[in-house]
*Asks:* 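I am attaching a structure below and will ask some questions about it afterwards.
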Number of protein chains: 2
Amino acid sequence: MSRKKPSIKEVAALAGVSIATVSNVFSGRKPVNDELKESVRQAAHELGYQLDRAASQLRSGRTRIIAVLVPDLTDTFFATIISRLETAAYAEGYDVIVASSHNDREVESSRLKALLSWRPEGLIAVPCSATIPQELKDARHTLPMVLVDRVATRNAIADTVSIDNREAGEIAARHLLERGHRNIAIGVSSLDHPPIVERKDGAAAIISEATGFPPTILNLGTDIAAGTRAFLDWMERNPQPEAIIALTNVTALSVLSALAEHKIDIPARASVIAFDDYAWMSARNTGLTAIRQPADEIAETAWARLKIRIGHGPHEPVTPTVLNASLIVRASVRDLTPVIEEDSRDQGGLELAKPGKDVRPTKKVH
Amino acid sequence: MSRKKPSIKEVAALAGVSIATVSNVFSGRKPVNDELKESVRQAAHELGYQLDRAASQLRSGRTRIIAVLVPDLTDTFFATIISRLETAAYAEGYDVIVASSHNDREVESSRLKALLSWRPEGLIAVPCSATIPQELKDARHTLPMVLVDRVATRNAIADTVSIDNREAGEIAARHLLERGHRNIAIGVSSLDHPPIVERKDGAAAIISEATGFPPTILNLGTDIAAGTRAFLDWMERNPQPEAIIALTNVTALSVLSALAEHKIDIPARASVIAFDDYAWMSARNTGLTAIRQPADEIAETAWARLKIRIGHGPHEPVTPTVLNASLIVRASVRDLTPVIEEDSRDQGGLELAKPGKDVRPTKKVH
DNA sequence: GTTTAACCGTAAAACGTTTAACAGTGTTGG
DNA sequence: CCAACACTGTTAAACGTTTTACGGTTAAAC
């Protein structure tokens with residue numbers, strides 16, 4: 001029970017071999033006679049020997065580290081990505097170092113510096129805003145990296161993995177329109193995030209085209225409590241919309257909290273489409289209709305992409321990968337389309353049918 | 001734009017000083033003349049110099065690393081703890097390395113080994129089961145560590161931070177009993193987790209005492225989908241309980257999903273007390289009454305404790321810290337106590353009153 | 001029986017820092 | 001005026017690995 005950690009030298013001494021042999025036993029780099037190997041193992045075990053990473057890294061130049069940066073660890077979407085990334089990387093002998101920018105550009109920059117000081121062999125980052133931090137730009141030619149989610153696909157500085165956000169917005173809007181909604185508000189987290197802008201643009205375009213006027217855009221931020229207040233404020237000054245599209249899970253939570261505060265029934269008095277697909281969304285009597293982002297698939301694609309990049313070096317052209325979101329239909333969107341033939345352009349649909357649960361069967365649309 | 005990262009040597013050469021001086025400029029260990037300092041900074045900037053952690057660690061023996069192990073990254077409770085820990089540690093110049101055991105003892109052991117190979121200066125761990133992994137036991141005298149949440153407070157091998165789980169269970173049970181519930185089921189995640197056992201025991205004791213018979217215990221596991229199925233299975237074979245205490249946020253989600261599947265209204269047809277306090281719990285028309293664990297406070301306490309331990313060395317006696325959970329009363333528990341004087345021992349209370357929202361004001365009970 | 005080759009070990013030189021020991025300057029106190 | 005000291009900077013020795021170059025056996029090939 002000595003205080004100091006034993007080094008390879010002591011293992012070598014105890015086993016009666018050179019340190020190079022000990023190194024070879026553990027790294028498997030060169031073959032070692034079986035019984036020697038055994039006695040080295042024995043000696044190492046006896047001393048409780050453990051490789052010193054720092055020394056190993058220094059000498060070999062390989063760190064086997066993958067750095068991961070996300071805007072918020074407590075957002076299940078990012079947590080899912082990290083979790084997936086961690087197992088994938090670990091399975092291939094890499095260790096993952098995680099940092100969170102807490103949705104703050106200053107912090108992001110500082111954490112990124114810390115991350116890079118580990119000399120990672122690869123980086124997977126979800127930038128917290130549209131402005132790619134300088135650290136990333138500087139590193140792009142020397143460090144394999146892939147940017148995920150909050151990135152513009154055009155003119156990206158590195159490989160990207162994201163979803164077709166415009167399409168996602170369109171799907172949500174179309175679903176609402178098909179069910180007869182006209183008076184639609186869109187809750188966004190921040191117009192500084194490219195995907196949010198795209199979702200919003202996608203939804204807004206479809207809605208404008210169908211209704212002739214653009215939907216209301218509500219900026220609710222990335223903090224749930226603040227978003228709730230913002231939505232409540234807005235509700236006080238405006239007529240309540242028929243339907244709300246929340247372009248983020250955080251936004252959805254803000255909207256739902258605000259509606260709950262006023263005991264506004266969903267979907268009887270307001271329809272909601274949420275973003276992302278979490279357990280709590282279906283663990284309610286009126287399950288939330290939502291746009292699902294394939295978090296697992298995003299993580300796996302990013303990892304696959306990073307490995308390719310690590311293999312190929314920086315001279316391959318930048319590759320954007322775009323995945324597709326899908327609509328999960330549950331019960332939070334009311335169907336306003338009248339069963340009897342009527343003027344479906346009627347704007348006052350809200351008061352038409354009497355409140356009641358939507359009893360259509362739940363189904364998935366690709 | 002050279003491929004290779006510049007070392008301290010090149011910075012020294014460019015600035016025309018010795019490498020020791022460069023080191024002093026960055027570490028601040030010894031004072032350096034202002035203009036020299038400036039020219040070193042200049043040179044470093046010019047070359048894009050960045051300290052090599054591996055070399056630094058190897059020589060100094062200090063890693064400034066805190067290792068953190070949790071059972072599941074996607075569980076918001078743990079994510080919150082990590083997030084808090086990360087900022088606290090970072091503010092004091094430490095870097096955090098996170099690993100998830102994915103609720104698997106094998107994985108836990110393997111990840112722990114990886115974590116320890118970083119030679120961290122401290123470790124904060126949430127073990128995934130009651131059996132403390134051997135790696136931790138081995139390290140307890142050489143590595144400052146604090147065990148969080150899933151630990152028994154008695155005979156702990158290291159400092160612990162947890163909540164008073166028995167009390168938490170009691171609070172939940174008492175709340176239900178006070179509101180006239182008798183037929184109570186308890187959903188647990190795993191009886192291999194000491195806190196869960198304590199919560200269960202606390203609740204069960206109170207319930208047994210009041211009703212004369214023990215509550216049903218439902219083992220729903222740590223996976224939401226599996227838990228939902230388990231609960232549905234159970235519901236098929238048994239009369240639905242008046243009230244359910246879910247001793248975990250995952251369990252709560254399982255129970256809620258199952259109830260939602262059968263469109264069982266809360267609290268009209270079933271009352272629910274959940275665990276932990278998340279945004280989605282209040283973002284519903286009938287907010288969930290829940291036992292709140294102070295995740296932030298747990299993280300901060302653990303960090304404070306770890307710092308003390310790092311300062312004091314391993315010879316101080318082990319200190320358990322116990323925090324308190326609190327009941328957040330919302331609307332998911334129905335009040336069965338009759339307004340007119342009646343036999344409150346009536347077991348068939350379920351059919352008595354007609355379904356309706358509980359409109360009592362939301363209030364907190366410490 | 002000598003040459004080659006294959007095999008398995010070892011010695012020693014890195015890797016990029018930190019740090020103890022030292023050295024060269026003023027500056028100050030006696 | 002000299003010893004003592006503070007102040008800054010340098011030299012060189014670590015730290016624990018990996019890895020290159022080499023050496024010594026043994027077996028195979030001629």
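We name chains A, B, ... by the order of the sequence lines, and we start the count at 1 in each one.
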*Asks:* Rounded to whole Å, how long is the line connecting atom CG of Asn33(B) with atom P of dA6(D)?
*Replies:* 19 Å
*Asks:* Measure across Val96(B) and Ile97(A) and return the closest heavy-atom pair with its distance rounded to 0.1 Å.
*Replies:* O-CG2, 4.5 Å
*Asks:* Just to verify, what does Asp149(A) make a side chain to side chain donor-acceptor pair (under 3.5 Å) with, not counting sequence neighbours?
*Replies:* none
*Asks:* Using five pairs at either end of the helix from dG1(C)-dC30(D) to dG30(C)-dC1(D), determine the angle between the two local helix axes and round it to 10 degrees.
*Replies:* 40°
*Asks:* By side chain to side chain donor-acceptor pair (under 3.5 Å), which residues pair with Arg41(A), not counting sequence neighbours?
*Replies:* none
*Asks:* Among pairs that include at least one residue of residues 20-36 of chain A, which meet side chain to side chain donor-acceptor pair (under 3.5 Å), considering only residues two or more places apart or in two chains?
*Replies:* Ser18(A)-Thr21(A)
*Asks:* Once you round it to whole Å, what is the distance between P of dA11(C) and NZ of Lys9(A)?
*Replies:* 13 Å
*Asks:* Can you measure Lys5(B) atom NZ to dC15(C) atom P for me and round it to whole angstrom units?
*Replies:* 17 Å
*Asks:* Specify the separation, in whole Å, of atom NZ of Lys30(B) and atom C1' of dG24(C).
*Replies:* 13 Å
*Asks:* Considering only distance and modelled atom types, tabulate donor-acceptor pairs under 3.5 Å from the side chains of residues 124-132 of chain B, sequence neighbours left out.
*Replies:*
unit_1	atom_1	unit_2	atom_2	d
Ser129(B)	OG	Arg105(B)	NH1	3.3
Ser129(B)	OG	Thr131(B)	N	3.3
Ser129(B)	OG	Thr131(B)	OG1	3.0
Thr131(B)	OG1	Arg105(B)	NE	3.4
Thr131(B)	OG1	Arg105(B)	NH1	3.4

*Asks:* Whole-Å distance between dT8(D) C1' and Asn24(B) CG?
*Replies:* 9 Å
*Asks:* I need the minimum non-hydrogen distance between Thr153(B) and Ser162(B), along with the two atoms involved.
*Replies:* CG2-OG, 3.7 Å
*Asks:* Of the residues in residues 40-50 of chain A, which ones touch DNA chain D at a heavy-atom distance under 4.0 Å?
*Replies:* Tyr49(A), Gln50(A)
*Asks:* Quick check for you: among dG9(D), dC8(C), dT18(D), whose closest atom lies nearest to any side-chain atom of Ile8(A)?
*Replies:* dT18(D)
*Asks:* Restricting to side chain to side chain donor-acceptor pair (under 3.5 Å), what partner residues turn up for Arg111(A), sequence neighbours left out?
*Replies:* Glu86(B)
*Asks:* Can you list, in residue-number order, the parts of residues 51-59 of chain A that come under 4.0 Å of DNA chain C, counting heavy atoms only?
*Replies:* Leu58(A), Arg59(A)
*Asks:* In whole angstrom, what separates Glu38(B)'s CD from dG9(D)'s P?
*Replies:* 14 Å
*Asks:* Taking only residues two or more places apart in sequence, or in another chain, which ones meet Tyr94(A) in a ring-ring contact (aromatic ring centres under 6.0 Å, His included)?
*Replies:* Trp303(A)
*Asks:* Counting the atoms with a prime plus P, OP1 and OP2 as sugar-phosphate, which does Ser60(B) contact under 4.0 Å by heavy atoms, base, sugar-phosphate, or nothing?
*Replies:* sugar-phosphate
*Asks:* Should Glu316(A) and Arg309(A) count as an ion pair when the cut-off is N to O under 4.0 Å?
*Replies:* no
*Asks:* Can you tabulate the close N/O pairs, meaning under 3.5 Å, that link protein atoms to atoms of nucleotides 26-28 of chain C?
*Replies:*
none

*Asks:* Starting at atom CG of Leu36(A), determine the distance to atom C1' of dT25(D), rounded to an integer number of angstrom.
*Replies:* 14 Å
*Asks:* Under 4.0 Å: is that the gap between some side-chain N or O of Arg62(A) and OP1 or OP2 of dC15(C)?
*Replies:* no
*Asks:* Expressed in angstrom and rounded to an integer, what is the separation of Glu35(A) atom CD from dG9(C) atom C1'?
*Replies:* 14 Å
*Asks:* Under 3.5 Å, which donor-acceptor pairs do the side chains of residues 43-50 of chain B form with other protein atoms, sequence neighbours left out?
*Replies:*
unit_1	atom_1	unit_2	atom_2	d
Glu46(B)	OE1	Gln42(B)	NE2	3.1

*Asks:* Specify the closest pair of heavy atoms between Ile8(B) and Val22(B), including all atoms of both residues, with the distance to one decimal.
*Replies:* CG1-CG1, 3.4 Å
*Asks:* Which of residues 11-21 of chain A have a heavy atom under 4.0 Å from DNA chain D?
*Replies:* Ile19(A), Ala20(A)
*Asks:* Do Ser109(A) side-chain atoms and Glu106(A) backbone N/O form a donor-acceptor pair below 3.5 Å?
*Replies:* no
*Asks:* Measure the CZ-CD distance between Arg84(B) and Glu297(B) for me, rounded to the nearest 0.5 Å.
*Replies:* 10.5 Å
*Asks:* Which heavy-atom pair separates Leu112(B) from Pro133(B) by the least distance, and what is that distance?
*Replies:* CD2-CG, 3.6 Å
*Asks:* If you round to the nearest 0.5 Å, how far is OG of Ser190(A) from CG of Asn103(A)?
*Replies:* 8.5 Å
*Asks:* Which residue in the set Arg140(B), Lys307(B), Arg305(B) passes salt bridge (Lys or Arg N to Asp or Glu O under 4.0 Å) when paired with Asp159(B)?
*Replies:* Arg305(B)
